[in-house]
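To start, the structure under review is shown below, and the notes come after it.
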Amino acid sequence: MKKKKNLPPLTHPCHKPVSSLLQQRTYIIHKNSIMNLMSVRVITADVKKLVEFYNHITGISAIQYTDDFAELQTQWATLAIGSTRTLQLFGGEEVAKAAQNRTAIIEFITENVDNDYKRLADFLQHCIVQKPTTMPWGNRSFLFRDPDGNLVNFFTPIMAEAIKKFDGKLSSR
């Protein structure tokens, strides 16, 4: 554990400065970071359909906590799937809109993206965006859309720098 550090006042470009109580809060710094990305939540009108889709493409069984919420947990992060009904808990239906994302990509590192493409091509035939392609940054990527239209990327690092970057992110590497 590293020393405590007072952070500068918190502001957000879309809002007024964060309350002075929060601004005065002291944080404990671990490895030069005060946070860790734990999950990304997708809001959907059909939790069951998305859960079945992600179970199928990843081979990982999602944990269905309620009819309105499930999580697909990997070693490094979690894909949370929440129903539109959960929006009431976050301030109302206008907070997020199901099936309208066109800015984020849900990415999964995989041992062999070409094998995943062969395994899933028939299942995904109508939602493939890009067959496996080597990207300039050293990953081989396979892009497709989930039933809500969210962009999904299965990728395998294939060039030395990318392999080094993701070293340890797959148990067999």
Side-chain angles (χ1 to χ4, degrees), residues 30-31 33-90 93 95-173:
H30 294 277
K31 296 181 183 177
S33 178
I34 61 170
M35 66 180 69
N36 188 7
L37 179 65
M38 296 305 297
S39 72
V40 172
R41 185 175 309 193
V42 175
I43 298 297
T44 182
D46 193 341
V47 171
K48 182 180 178 185
K49 185 176 184 177
L50 272 192
V51 166
E52 289 172 356
F53 176 83
Y54 281 100
N55 285 349
H56 183 80
I57 65 167
T58 66
I60 301 169
S61 294
I63 300 167
Q64 185 93 33
Y65 295 99
T66 70
D67 290 342
D68 292 320
F69 187 75
E71 290 181 333
L72 184 84
Q73 298 176 351
T74 71
Q75 182 178 0
W76 302 103
T78 297
L79 176 62
I81 302 170
S83 80
T84 52
R85 291 184 295 272
T86 64
L87 293 175
Q88 295 305 317
L89 303 170
F90 296 105
E93 292 179 10
V95 173
K97 296 285 184 187
Q100 293 189 20
N101 177 26
R102 293 289 188 251
T103 60
I105 304 173
I106 301 167
E107 297 189 306
F108 293 89
I109 190 169
T110 181
E111 186 66 34
N112 187 318
V113 74
D114 291 294
N115 287 347
D116 289 315
Y117 172 75
K118 290 173 190 169
R119 176 177 62 87
L120 295 169
D122 289 339
F123 178 73
L124 297 172
Q125 65 182 327
H126 298 295
C127 49
I128 293 173
V129 173
Q130 177 179 280
K131 294 178 181 180
T133 302
T134 301
M135 305 309 252
W137 46 88
N139 294 333
R140 191 146 172 84
S141 294
F142 167 38
L143 293 160
F144 52 93
R145 294 200 181 274
D146 73 12
D148 278 5
N150 298 302
L151 195 57
V152 179
N153 180 27
F154 277 12
F155 74 95
T156 302
I158 60 166
M159 294 181 189
E161 192 170 313
I163 291 169
K164 182 179 176 183
K165 176 182 175 183
F166 293 105
D167 186 40
K169 299 294 184 189
L170 281 172
S171 59
S172 63
R173 285 201 184 216

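Heads up: numbering here begins at 1 and tracks the sequence.
Q130 approaches S141 most closely through the heavy-atom pair NE2-O, 3.9 Å. Shown here for A96 and L87, the closest heavy-atom pair between the two residues is O-CD1, 3.2 Å. Taking all atoms of both residues into account, the shortest heavy-atom contact from V51 to A70 is CG2-CB, 3.6 Å. For the residue pair N55 and I60, the shortest heavy atom distance occurs at OD1-O, 2.9 Å. Listed here is the closest heavy atom pair of G82 and V47: C-CG2, 3.9 Å. The two residues P132 and D114 have their closest heavy-atom pair at CB-OD1, 3.3 Å.
Proximity of the aromatic rings of Y117 and F154 is defined here by a centroid distance below 6.0 angstrom, and this criterion is not met. Under the 6.0 Å cut-off for aromatic ring centres, F123 and F144 do not qualify, their centroids lying 6.0 Å or more apart.
Contact annotation: the side chain of T78 never approaches that of L72 to less than 4.5 Å [non-hydrogen atoms, C-beta and beyond]. Residues P157 and I109 are in side-chain contact: their nearest non-hydrogen atoms beyond the backbone lie under 4.5 Å apart. Residues P147 and D46 form no side-chain contact, since every pair of their non-hydrogen atoms from C-beta on lies 4.5 Å or further apart. Side-chain contact between I158 and I163 is absent, with no heavy-atom pair separated by less than 4.5 Å.
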Practice task
Check the pair R41 / I43 against side-chain contact (heavy atoms from CB on, under 4.5 Å), numbers first and verdict last.
Solution key: CA-CA 6 Å; R41 185 175 309 193; I43 298 297; 4.0 Å; yes

Practice task
Check the pair K164 / D167 against salt bridge (Lys or Arg N to Asp or Glu O under 4.0 Å), numbers first and verdict last.
Solution key: CA-CA 5 Å; K164 182 179 176 183; D167 186 40; over 6 Å; no

Problem - Test log, rule side-chain contact (heavy atoms from CB on, under 4.5 Å), inputs I81 and F69 - result: CA-CA 6 Å; I81 302 170; F69 187 75; over 6 Å; no

Practice task
Quick one: do L151 and R102 satisfy side-chain contact (heavy atoms from CB on, under 4.5 Å)? Show the steps, please.
Solution key: CA-CA 8 Å; L151 195 57; R102 293 289 188 251; over 6 Å; no

Exercise for the section: May I have the step-by-step check of side-chain contact (heavy atoms from CB on, under 4.5 Å) for L143 and K131, ending in yes or no? Expected result: CA-CA 7 Å; L143 293 160; K131 294 178 181 180; over 6 Å; no

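With hydrogens and angles ignored, the 3.5 Å screen pairs a side-chain donor or acceptor of N101 with a backbone N or O of T103. Using modelled atom types, no side-chain atom of R140 and backbone atom of M159 make a donor-acceptor pair closer than 3.5 Å. In this structure, the side chain of T86 does not engage the main chain of T84 through any donor-acceptor pair within 3.5 Å. Looking only at distances, a side-chain donor or acceptor of W76 sits under 3.5 Å from a matching main-chain atom of K169. Between the D146 side chain and the D148 main chain, a donor and an acceptor come within less than 3.5 Å of each other. Judged purely by atom type and a 3.5 angstrom limit, R145 has no side-chain atom pairing as donor or acceptor with the backbone of H126.
Under the side-chain hydrogen bond (donor to acceptor under 3.5 Å, both in side chains) criterion, the residue pairs touching residues 58-72 are Y65-E71, Y65-Q73, D68-S83, D68-R85, E71-Q73, with sequence neighbours excluded.
More than 12 heavy atoms of other residues, nucleotides or ligands lie within 6.0 Å of NZ in K97, so this atom counts as buried by the packing criterion.
Distance check: N150 CG to I105 CD1 gives 11.0 Å after rounding to the nearest 0.5 Å. Here F108 contributes atom CZ and N153 contributes atom CG; the two are 10.0 Å apart, rounded to the nearest 0.5 Å. Here the CD atom belonging to E161 is positioned 13.0 Å from the CH2 atom belonging to W137, to the nearest 0.5 angstrom.
Each of V129, V113, T110, V152 was compared with F142 under the side chain to side chain contact (heavy atoms under 4.5 Å, CB included) criterion, and only V113 meets it.
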